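The block underneath contains the structure these notes are about, expressed in structure tokens.
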Amino acid sequence: MVEKLAPKKRKAVLGVEVDKKSYDLSRPLSTIKSPSAVEAKVPSAVEAKVPSAVEAKVPSAVEVKLLTFDDEAGKEIFWHSSAHALAQALKRLYPKIQLEDGPVVKNGPGYFFYDVLLDEKINEDAFEKIEAEIQKVVRENHPIHRKVMERKDAVQKFKAMGEDLKVGIIERLPADAEISIYEQGEFADLCRGPHVPSTGKLGVFKLTTVAGAYIGGNAENQMLQRIYAVSFPDKQMLKEHFRLLEEAKKRDHRRLGQELELFTTSEDIGPGLILWLPRGNIIKEELETWAKDTEAAHGYERVTTPIVTKEKLFYTSEHLPHYTESMFPPMQMDNENYYIKPMNCPFHHTIFGHRPRSYRELPLRLAEYGTCHRYEDSGALMGLMRVRAMQMNDAHIYSTEEQAVEEFKAVIRLHEYYYKILDIKDYHMVLSLRNPESKKYHGEDAMWKKAEALTRQAMEESGVEFIVENDGAAFYGPKMDFQIKSSIGREFTSSTCQLDLFMPMKFDLKYVDKDGSLKRPVCIHRSPLGTHERFVGFLIEHFAGAFPTWLSPEQVRILPVNEVHEAYAKNLADELRKEKIRVHVELPEESLGKRIRSAEKMKVPYMLVVGDKEVEANIINARNYFTGAQKEFSQDEFLKMIQEEIRLKKITAMVKKQQ
RNA sequence: GCUGCCUUAGCUCAGCCGGUAGAGCAUCUGCCUUGUAAGCAGAGGGUCGUCAGUUCGAUUCUGACAGGCAGCUCCA
């Protein structure tokens, strides 16, 4: 069983950091390839019993920081070594096991995992046994040694151990790579490190799940078993971790969607097909109205196009046969194949091209709430976040090449506006470029160069922070994505924009320029609110179900204390309804306490209890859900206050404790 | 699609070794006439995801399928 762990264990020194790079404690700094550290020697104090993270200066002005579990880098070392301890335990229990790789992960069902190859299926029944063996490894307190090896020696060593997968990894390493192995007791692993000084520095472990993962992340390859786990310096931290996970689950949109009666699905209808319930539909339509108004104010024009089309359209766009597997299969009518549309762009291109266009019309911004259907892999479906029928906040902007950067920048500003109103701060942006090696991308090199340069210019001039990915572009153009996180930390693309020079060419789109010459427009695909399925799913978690009043399905709930107050309550409700406030009267068929509880559970922004006092003085007593504060108003004051709150799309920070 | 796991009332979940099921909440009906998070009592509600197989007998064991969960792959 788990031995008693010293509470100070989290303060254990796990490694060192030099010039922002982490290393093992055991590794002499003189071996570290860091220009400023070459001359440095590890101060002997490093090995000493330093009780907490301190900064130690060594003579050459190199900053050496001791890492503990409180440091991000310290955590990483801790979990990385934890993965080794897991592997060591697995190897003891399953001698035939082959190890692949065991990295630290930020977002996942654990903090680290180990990928293994084993005929026998490891399932949750085995977890306890494995955990016990890991704790044994910890208790045995093996010192961890780093060893640099020649490539052929390393190959020989792992071959002898029967670790063919490791041999494969070594062989794939670049020729100049330093090959290091880490040894602890009878166990040795190919690894770059760094690691903790000994297994005794590790704490308590809990395996979380086992899943499949392809070797090298390639679906054509064999599937390994991926064993996820978490570890912490002490039991309390482990417990706290699982408590926080439970908290996060309460925000899960699938759970809140049911509790708040926002949406549902049905086996009879099909996976990934959402039924919006009246309450959820209000949220979706409020967003829609907002987006339509906003887009109208930004010069967008609305169009409507059909859900089905002849297959020719998708051959022109080259989505077929590229995406055949992700489309609902075709239906035959009049000797033609018709497809349900997976996207709106080819329709908009067709609209653009239906008559000659003048440069005077550009930029032309065609917007549509088009419902698209994609046959997503069954394993990829997830609540509202990944569905097969989706309503897109779509638009395509056709502009001259000279206008493209400005238009793209305007799209970025539009995103910033939406995100600001909704108080979305936790997101990051990605610029996805083409990998010239890959055959996935269509079009000429010059076209790609230009499209990528224009996109980058727009993003840079907008001053936004972004990371660059070198193989994530759409097949027709570079992509700018807004990435958001779900309550459990999984990442999703909330919005994607592309600057496209390819489709205008495919659809032979042109406009007449000032000088009478025919030119190709640039097309910008954009969808700031993404699909409303995913976006509402995200908002449910973002607001933990407590939607700001303007979005809330029910804005006011009136609770008459008893029958004599019903008339006043109903009259009040009528007055508010006339002003388009979403209000519901909960008649005294249940006790007041129960009705109050129910209003709270449904997270209704304003709860109005109406009793003798209110009727006599003709006033309103409103409790604000977000703050928990109760306040008296005249009917006029209340109406003005709530209308203003709705008009401003105000977000009131949650003050009261959620139950 | 792949790997593993899960599926019992509208919801959350009990149900040891095979002998046709239970709780809380919700719903309905009474009583109560309520002042800021659950008043009391009673009732209804389940072909135990579906279809096969094993068995005298399957919610329980086996298989297939469906739906869901986690991960991988994919994501116009």
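What's counted below: heavy atoms across the whole structure, side chains too, no hydrogens, waters or symmetry copies. Fair warning: this is a prediction, and the values are worked out from it, not measured in the lab. Below, chains carry the letters A, B, ... as their sequence lines are ordered, and counting in each starts from 1.
- Distance, A:Glu590 CD to B:rC31 C1': 12 Å, rounded to whole Å.
- Not a single donor-acceptor contact under 3.5 angstrom links the side-chain atoms of A:Arg597 to the base of B:rC25.
- Nucleic acid contact for A:Tyr214: base, since at least one base atom lies under 4.0 Å from a heavy atom of the residue.
- Separating the P atom of B:rG44 from that of B:rU29 is a span of 15 Å, rounded to the nearest Å.
- Heavy atoms of A:Asn621 sit under 4.0 angstrom from at least one base atom.
- Among B:rG35, B:rU73, B:rU33, the nucleotide with an atom closest to any side-chain atom of A:Val561 is B:rG35.
- Using a 4.0 Å heavy-atom cutoff across all strands shown, A:Glu614 reaches at least one base atom of the nucleic acid.
- Figure legend: A:Arg434 and A:Tyr441 shown without cation-pi pairing, the cationic atom not lying both under 6.0 angstrom from the six-membered ring centre and within 45 degrees of its axis.
- A cation-pi arrangement, defined by a distance under 6.0 Å to the six-membered ring centre and an angle within 45 degrees of its axis, is present between A:Lys341 and A:Phe347.
- The gap from the C1' atom of B:rC74 to that of B:rC51 amounts to 32 Å, rounded to the nearest Å.
- Looking at the side chain of A:Gln498, the nearest of the listed nucleotides B:rA70, B:rG4, B:rA76 is B:rA76.
- Rounding to the nearest 0.5 Å gives a distance of 13.5 Å between CE of A:Met602 and CE of A:Met607.
- Taking each heavy atom of A:Ser317 and A:Phe502 in turn, the nearest pair found is O-CE2, 4.4 Å.
- Closest approach to the A:Lys440 side chain among B:rC75, B:rG1, B:rC2 is made by B:rC75 (side chain taken as heavy atoms from C-beta onward).
- Across B:rU36, B:rG1, B:rU33, the shortest atom-to-atom separation from the side chain of A:Asn562 is found for B:rU33.
- Of the charged side-chain nitrogens involved, at least one lies within less than 4.0 Å of a carboxylate oxygen, so that A:Arg623 and A:Glu600 count as a salt-bridged pair.
- With rounding to whole Å, A:Ile215 atom CD1 is found 13 Å from B:rC2 atom C1'.
- Atom OG1 of A:Thr309 is separated from atom CG of A:Asn337 by 11.5 Å, given to the nearest 0.5 angstrom.
- If you take CZ of A:Arg374 and P of B:rC75, they are 11 Å apart, rounded to a whole angstrom.
- Only the C1' atoms considered, B:rA58 is 24 Å distant from B:rG45, to the nearest whole Å.
- Rounded to an integer number of Å, the gap from CG of A:Leu559 to C1' of B:rA37 is 12 Å.
- Under the stacking definition used here (centres under 5.5 Å, planes under 30°), the residue A:Tyr476 fails to qualify as stacked on the base of B:rA76.
- Positionally, the nearest nucleotide of RNA chain B for A:Ile122 lies more toward the 5' end than for the other of A:Ala211 and A:Ile122.
- The side chain of A:Lys479 contributes no N or O atom lying less than 4.0 Å from OP1 or OP2 of B:rC75.
- Using the six-membered ring where Trp is involved, A:Phe475 and A:His442 have ring planes that are tilted, between 30° and 60° apart.
- Ring pair A:Phe638/A:Tyr606: centre-to-centre distance below 6.0 Å.
- Comparing B:rC75, B:rU36, B:rU33 against the side chain of A:Tyr323 picks out B:rC75 as the nearest.
- A cation-pi arrangement is absent between A:Arg386 and A:Phe492, since the terminal nitrogen or guanidinium carbon is not both under 6.0 Å from the aromatic centre and inside a 45° cone about the axis.
- For B:rG10, the base has no donor-acceptor partner in the side chain of A:Glu261 [N/O atoms by modelled type, under 3.5 angstrom].
- One distance of note links CG of A:Asn393 with CG of A:Leu529; it measures 4.0 Å at 0.5 Å rounding.
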Based on Watson-Crick and G-U pairs with both distances under 3.5 Å, what dot-bracket line describes RNA chain B 5' to 3', crossing pairs as [ ] and inter-strand pairs as |?
(((((((..((((.....[..)))).(((((.......))))).....(((((..]....))))))))))))....
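- When the P atom of B:rG10 is taken as reference, atom CG of A:Leu262 falls 20 Å away, rounded to whole Å.
- Taking the six-membered ring where tryptophan is involved, the planes of A:Phe314 and A:Tyr339 are perpendicular, since the angle between them exceeds 60° and thus also 30°.
- Only the C1' atoms considered, B:rC16 is 15 Å distant from B:rU59, to the nearest whole Å.
- Rounded to whole Å, the distance from NE2 on A:His373 to C1' on B:rC75 is 17 Å.
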Walk me through whether A:Asn344 and A:His396 qualify under side chain to side chain donor-acceptor pair (under 3.5 Å).
CA-CA 9 Å; A:Asn344 303 303; A:His396 296 89; over 6 Å; no
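- Here the C1' atom of nucleotide B:rU3 and the OH atom of A:Tyr114 are 20 Å apart, to the nearest Å.
- The gap from the P atom of B:rC28 to that of B:rG10 amounts to 15 Å, rounded to the nearest Å.
- Counting any heavy atom pair closer than 4.0 Å across all strands shown, A:Gly611 reaches a base atom.
- Among the heavy atoms of the strands lying under 4.0 Å from A:Ala380 is at least one base atom, whether or not backbone atoms are also near.
- A sub-4.0 Å separation between OP1 or OP2 of B:rA26 and a side-chain N or O of A:Lys594 is present.
- Contact check, A:Ser591 against B:rU34: no side-chain N or O comes under 4.0 Å of OP1 or OP2.
- Applying side-chain hydrogen bond (donor to acceptor under 3.5 Å, both in side chains) to A:Tyr398 and the options A:Glu407, A:Arg520, A:Arg365, A:His349 leaves one that passes, A:His349.
- Contacts of A:Pro588 with the nucleic acid, taken as non-hydrogen atoms under 4.0 Å apart, include base atoms.
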Find every protein N or O atom lying less than 3.5 Å from an N or O atom of nucleotides 64-69 of chain B, and list the pairs.
from: B:rC69; atom 1: OP1; to: A:Arg254; atom 2: NH1; distance (Å): 3.1
from: B:rC69; atom 1: O3'; to: A:Arg254; atom 2: NH1; distance (Å): 3.4

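- Within the 4.0 angstrom heavy-atom criterion, only backbone atoms of the sugar-phosphate kind lie near A:Gln258; the bases stay farther away.
- Which of B:rA76, B:rU34, B:rC72 sits closest to the side chain of A:Tyr228 comes down to B:rC72.
- In this structure, A:Gly217 reaches the sugar-phosphate backbone alone: every heavy-atom distance under 4.0 Å involves primed, P, OP1 or OP2 atoms, never a base.
- When the P atom is used for both B:rC31 and B:rG68, the distance is 45 Å, rounded to whole Å.
- For the P atoms, the distance linking B:rG46 with B:rA23 amounts to 15 Å, nearest Å.
- As a whole-Å value, the separation of A:Met392 CE from B:rC75 P is 15 Å.
- Evaluation of atom-type donor-acceptor distances gives no pair under 3.5 Å for the side chain of A:Tyr375 against the base of B:rG1.
- Spacing of P atoms, B:rU12 relative to B:rA26, comes out at 15 Å, to the nearest Å.
- Using a 4.0 Å heavy-atom cutoff across all strands shown, A:Lys121 reaches sugar-phosphate atoms only and no base atom.
- Both A:Pro560 and A:Asp252 sit near RNA chain B, but only A:Pro560 has its closest nucleotide nearer the 5' end.
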